[in-house]
Amino acid sequence: MIRVENLCKSLHGKTVLNDISFEVASNEFIAIIGMSGSGKSVLLKHLVGLMQADSGTIRFEGKKLNDMTTRELETLRSRMGFVFQNGALFDSMTVFDNVAFPLKERGEVGRTEILERVQGVLDQVGLSGMGHKYPSEISGGMAKRTALARALICEPDYLLFDEPTTGLDPIIRKSMLKLFKTTQARLKSTGIIVSHDIPEVFHIVHKVALLYQGSFLVIDTPEALFRSKDPIVRQFIRGDIDGPIRYN
Amino acid sequence: MIQAFLVRRGSAGLGSLRNLGKFALFFATSVHCSLTPPIKFRRILKQIWFIGWNSLLVICLTGLFTGMVLALQGYTSLKRVGSEAFLGPLVTLSLVRELGPVLCSLMVAGRAGSAITAEIGIMRVQEQIDALELMGLNPFRYLVVPNLLASILSLPVLGMIFNIVGIFGGYLIGVRLLGLNEGTYFNEIRNYLEWNDILGGIYKLVSFGILIAWISCFKGFHASRGADGDSAATTSAVVTTSVAILVWDYFVTSVVF
């Protein structure tokens, strides 16, 4: 379970996160949506300890992230699968080596098992036969699927996705989102996805949180958001140009 | 106005202090990770190949021509005072005590140090270092420790090769071109070269190796986002390392010799 309490963060004098509080229960999958630059990725980076908050607490299974020793933090992170917006693949390694990397480095399983598990996860993400290619030789969609495969290889307890489908064509996007859902359900992971894919992302999550001006305007089920009378929520979900949200 | 000036100066000073602290902390973390398991031996070997083996050609070329030019200049100067016989010791001691370690380190800093900064900088910009951290792996053990240990191990060997090739270059010019007696050249080297000269050179090379890896990795690790950030970090790494080598050389020389 992840619990965030009163999280605040300012960057370059601008408040990015303002008193954010929410909770993600075990096995729950939640989507964080919001305008570009609203702080969604910043929030996700706080959750994994890549950024430090000005104030507030983040707890994983009751334990404060800030109180964790380096070893505890490494252990927690080894139970996470994080998919970066740009994939963050190691460009000096092949697709196979990228996916196998976390397993190899932990040294908990033998070579044969690594081979089987990597082949298995590459099959799942539709990359069979692509293991020998380098990240520079594959398409953006394939790179994102490789990143997903790398995140899944250790069967993590926490799945975190930072705009994993941005820039993909509609068919691949939908198949990726479906894959996220089935994987999260199969692994019984606690998941958070930052996404702009509205309404597709609504079909795969239990809850949606709308980040607006540094705070969560609403955290509710996708159905409740669809029914919402709040003009900001309605405008954002429909993608209307006219409404209370204005881009300057 | 005076207050604004003081605030500006003060905040700049504090910023420099903060960076210095980060720099020292980076080194302390690197040393700690170098002395505690797990050590990534395969990556160390790979970096020895990259820093050591791949620098060999440029080290040999630089060493050869440094020895040759030393012999050419030295012979002319020594002949004026009728001491051409000491050409061998002149070339050898200049190389072993000073020029070998310094020039060899500057060449490695330019060739390998810049590449290390660029590689780590790109990994920083493309969030690959963040990815390592989020796998529960310590990026220092993957990126810094192998470079630090490989640099410490490679530099003394490269420096010795530089010296040997340089002495051979001096022999080519002094003996083969200018007609100095071959026995005189080598016998005088044997008479004047001491173990302390060689050890002093090795101390220098080890400390320069640490400087190259430390500064190059630090600059790459703290490269700012974007291509500009990476190129600025690479330039800064080469300049800072080169200046640090020359400054540190003075202090090591004053202590060791």
Side-chain angles (χ1 to χ4, degrees), chain A residues 11 41-42 44-51 60 65 68-93 97-108 135-136 143 146-148 150-154 156-163, chain B residues 11 15 18 22 25-26 28-30 32-33 35-47 49-50 54 115-147 220-227 229-230:
Chain A
L11 290 169
S41 297
V42 171
L44 211 55
K45 284 183 177 173
H46 278 83
L47 294 184
V48 293
L50 284 179
M51 291 179 88
F60 278 83
L65 198 66
M68 289 183 188
T69 61
T70 309
R71 188 132 305 188
E72 284 174 329
L73 188 60
E74 282 178 6
T75 308
L76 173 69
R77 283 170 168 172
S78 68
R79 294 170 54 209
M80 288 178 178
F82 193 104
V83 179
F84 286 85
Q85 198 172 346
N86 65 5
L89 297 176
F90 302 122
D91 42 20
S92 58
M93 294 182 196
D97 288 335
N98 262 288
V99 177
F101 186 77
L103 274 184
K104 277 185 187 168
E105 291 305 324
R106 280 172 206 169
E108 291 161 358
S136 58
T146 307
L148 176 65
R150 188 176 66 180
L152 299 182
I153 192 74
C154 291
D157 297 328
Y158 297 97
L159 274 169
L160 302 138
F161 306 99
D162 187 5
E163 298 190 31
Chain B
S11 77
R18 202 178 301 122
K22 265 163 63 178
L25 204 61
F26 187 88
T29 312
S30 310
H32 174 257
C33 290
L35 300 174
T36 52
I39 302 289
K40 305 289 170 191
F41 290 104
R42 283 174 71 94
R43 278 197 67 85
I44 294 171
L45 284 177
K46 192 180 159 213
Q47 289 313 103
W49 178 271
F50 175 69
N54 287 352
I116 289 168
T117 307
E119 186 189 2
I120 296 178
I122 286 172
M123 289 185 76
R124 168 62 74 203
V125 170
Q126 294 182 348
E127 296 179 308
Q128 293 175 36
I129 295 178
D130 291 344
L132 272 176
E133 282 192 58
L134 292 184
M135 287 174 200
L137 306 170
N138 184 341
F140 275 80
R141 297 198 185 279
Y142 289 87
L143 303 173
V144 183
V145 172
N147 281 312
F221 241 77
H222 294 90
S224 49
R225 308 278 169 183
D230 197 39

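Throughout, protein chains are lettered first and strands after them, A, B, ... in sequence-line order, and every chain is numbered starting at 1.
With rounding to the nearest 0.5 angstrom, the CZ atom of A:Arg150 is 3.5 Å from the CE atom of B:Met135. Taking CZ from A:Phe101 and OH from B:Tyr142, the interatomic distance works out to 5.0 Å, rounded to the nearest 0.5 Å. Interatomic distance, CG of A:Leu50 versus CD1 of B:Ile129, reported as 11.5 Å (0.5 Å rounding). Once rounded to the nearest 0.5 Å, the distance linking CG of B:Leu134 with CG of A:Leu160 reads 8.5 Å.
Comparing A:Thr70, A:Asp91, A:Leu76, A:Thr75 by heavy-atom pairs within less than 4.5 Å of chain B, the highest count is held by A:Asp91. Here B:Gln128 is the residue among B:Gln128, B:Met123, B:Gln126 with the most heavy-atom pairs under 4.5 Å with chain A.
Looking at B:Glu133 and A:Val48, their side chains never come closer than 4.5 Å, going by heavy atoms from C-beta outward. The shortest distance between side-chain heavy atoms of B:Asp130 and A:Phe82 does not fall below 4.5 Å.
Contacts between A:Leu73 and chain B at a heavy-atom distance below 4.5 Å are absent for every atom of the residue. Heavy atoms of A:Arg106 lying under 4.5 Å from chain B belong exclusively to its side chain. Proximity to chain B is limited to the side chain of A:Phe84, based on heavy atoms less than 4.5 angstrom apart.
Closest non-hydrogen pair, B:Ala131 versus A:Ala88, comes out as CB-O, 3.9 Å.
Salt-bridge formation is not detected for the pair A:Glu105/B:Arg141: no Lys NZ or Arg NE/NH1/NH2 atom is positioned less than 4.0 Å from an Asp or Glu carboxylate oxygen.
Atom NZ of A:Lys104 has more than 12 neighbouring heavy atoms from other residues, nucleotides or ligands inside a 6.0 Å radius.
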